[in-house]
Number of protein chains: 2
Amino acid sequence: MERFEGADRRPLPEPTVARLPLYLRVALESVRLGHPTISSEVLARLAGVNAAKVRKDLSLLGSLGTRGTGYDAAQLARALDELLGAGHDWPVVLVGVGRLGRALINAQGFLTGGYRLVGLVDADPTVLGELIDGHRIMRFDELALELEIAPAIGVITTPAMAAQRAAEDLVALGARSILNFAPTVLEVPADVRVRYVDLSIELQILSYHAARSHDADDASPYSTVGIEPAGAQPAAWLDRAP
Amino acid sequence: MERFEGADRRPLPEPTVARLPLYLRVALESVRLGHPTISSEVLARLAGVNAAKVRKDLSLLGSLGTRGTGYDAAQLARALDELLGAGHDWPVVLVGVGRLGRALINAQGFLTGGYRLVGLVDADPTVLGELIDGHRIMRFDELALELEIAPAIGVITTPAMAAQRAAEDLVALGARSILNFAPTVLEVPADVRVRYVDLSIELQILSYHAARSHDADDASPYSTVGIEPAGAQPAAWLDRAP
DNA sequence: CCGTGTGAAATCCTTCACAGCA
DNA sequence: TGCTGTGAAGGATTTCACACGG
């Protein structure tokens, strides 16, 4: 196996890291549709960014492209896959098996790939013992006894009130990464990484802009994609590409 | 009513906008716990950012603080609330009433506040007609006839395959903001704002970092909060504050 | 004296533009 | 010729540090 760690030892900019999964998705789609190579321009369109950014991002991983041709989709996908931690089969523990938690467990595409659910935790006595997707819902202390290895990632889908406690329990279990769906800022040790998925915040950001979108507002680039005036599906774009 | 639009006409930086809902949440909590004022430092801790950023952000909205004292929590909350579109009661249409969609509809904190569900759309004939939260699931064309006003925000919780079509239908209904949970980049007109909540991408970002967290890594500030080595709940922090 | 508000500096990210290679 | 890889320029955001007002 090759090394795809960019030429230098410098860590990738975080915005770049956040775009790599998009590039991976597009590269896989390109392969699936039988397009062996893909240019930065097409890749950019399908990922909702611009071509310069794609080239800069990918150049940070090394020289993955071929001048005059583009990127080999399969090779690019392999490189991104490895970089993003494929082959590790990350153990995931989910805390808070309410509606949202159950939706995530069953959502295809969420825990697929290199992630494996290894534990379900809830404090509610009425759901304890329930079997979901082959996993029994238990209390934290029970899971701690049963688990052989530390979970790499903890997912918190509890109410806000319970989230901080859940985070501390997850950290105690050895989790170094947390994906938090509860509307609270977590206080964790500095070596624990937290990402927030805060639905009410997303709505508030949208309504902030909606409240001041006097006609042709300047569409800022953040999380906004103003590609083509609707119409073609991404797949169509790929097929139109040479 | 007062105007809280910063002194100038310059739009707020997007990262600032994304933090305002956090400040609002903290300000409300401060009021709830009986702390009439809050300093940028405490606010920063509870929002998981640093104090300089808080002051810079809030100064962009005008002079909301009092030197030597801090910010009046209630007044700050009102200012942020108004800025973020409170009092508008934004109509929301949700497309894709599967597990995730249902979880969101029922999730407290998601559609609370100024957001009102006005329609549920799904293509699956087996769920059509079903009543959820007082709303009947229908096809897009049915909803179009029934709706008097355009939805401000569309939420997409369909499978990836159906998301682009859902976006186009939402835009046709008049939605100018879309919150997309499907793992696809949407192509929409430039004046439509899209925010992406992509769960598999979140996991991949976390595992990217997990794969290279050789012991004491440098914790980057992005979406990461390295406040206190666990322990106190935010509420405790507020109570400890003078 | 304390904590906000804010220019200025520093840092980070994006975009440009083109040299260079297939 | 076509498209990548990349230094350099340009913008945007964060951080600093301190003057100012309560």
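So you know, we letter chains A, B, ... as the sequences are listed, proteins then strands, and number each from 1.
- Cation-pi geometry between A/Arg19 and A/Tyr23 is not met: the NZ or CZ atom fails to fall both under 6.0 Å from the ring centre and inside 45° of the normal.
- By the 4.5 Å heavy-atom criterion applied to side chains, B/Glu202 and A/Val197 are counted as neighbours.
- A straight line from CG of B/Leu58 to C1' of D/dT13 spans 16 Å, rounded to a whole angstrom.
- Between A/Leu104 and A/Phe110, the closest heavy-atom pair is O-CD2, 3.4 Å.
- As a whole-Å value, the separation of B/Leu60 CG from C/dG7 P is 11 Å.
- A/Ser30 places no side-chain N or O within 3.5 Å of a backbone atom of A/Ala73 that could act as its donor or acceptor partner.
- Contact record, B/Thr158 with B/Ala182: O-CB, 3.5 Å, taken as the closest heavy-atom pair.
- Here the CZ atom belonging to A/Arg195 is positioned 12.0 Å from the CG atom belonging to A/Asn180, to the nearest 0.5 angstrom.
- Atom CD1 of A/Ile201 and atom CG of B/Leu22 lie 4.0 Å apart (nearest 0.5 Å).
- Contact check, B/Tyr71 against C/dG5: a side-chain N or O comes under 4.0 Å of OP1 or OP2.
- Contact check, A/Lys53 against C/dT15: a side-chain N or O comes under 4.0 Å of OP1 or OP2.
- Taking atom CD on A/Glu14 and atom C1' on C/dT14, their separation rounds to 16 Å, with Å as the unit.
- The CG-P distance, from B/Leu76 to C/dT4, rounds to 11 Å in whole Å.
- Listed nucleotides D/dT13, C/dG3, D/dT4 differ in distance to A/Arg55; the shortest reach to its side chain belongs to D/dT4.
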Between protein and nucleotides 8-10 of chain D, what N or O pairs are separated by less than 3.5 Å?
none

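- No contact: A/Thr16 has no heavy atom under 4.0 Å from any strand.
- At least one side-chain nitrogen or oxygen of A/Arg19 sits closer than 4.0 Å to the OP1 or OP2 atom of C/dT14.
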Detail all sub-3.5 Å separations between protein N/O atoms and N/O atoms belonging to nucleotides 20-22 of chain C.
residue: C/dG20; atom: N3; partner: A/Arg67; partner atom: NH1; Å: 3.3

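- Comparing D/dC16, D/dT14, C/dT15 against the side chain of B/Ala52 picks out D/dC16 as the nearest.
- One interatomic measurement links the two molecules: CG of B/Asp57 to C1' of C/dT4, which rounds to 14 Å at whole-angstrom precision.
- Separating the CG atom of A/Leu64 from the P atom of D/dT6 is a distance of 11 Å, rounded to the nearest angstrom.
- B/Gln204 and B/His209 are not linked by any side-chain donor-acceptor pair at a separation below 3.5 angstrom, with hydrogens and angles left out of the test.
- D/dT4 atom C1' lies 14 Å from atom CG of A/Asp72, rounded to whole Å.
- Distance CZ (A/Arg10) to P (D/dG7): 12 Å, rounded to an integer number of Å.
- Note on A/Asn50: every side-chain N or O is 4.0 Å or more away from OP1 and OP2 of C/dT14.
- Side-chain polar atoms of B/Thr16 and B/Asp57 form a donor-acceptor pair below 3.5 angstrom.
- Checking A/Ser177 against A/Arg193 by side-chain atom types alone, no donor-acceptor pair falls below 3.5 Å.
- A donor-acceptor contact shorter than 3.5 Å links the side chain of A/Arg212 to the backbone of A/Tyr208.
- Residues B/Ser207 and A/Trp90 approach most closely at CB-NE1, 3.3 Å, considering heavy atoms.
- Consecutive pairing runs in DNA chain C reach the stem threshold at C:1-22 with D:1-22, where a stem means at least three Watson-Crick or G-U wobble pairs with distances under 3.5 Å.
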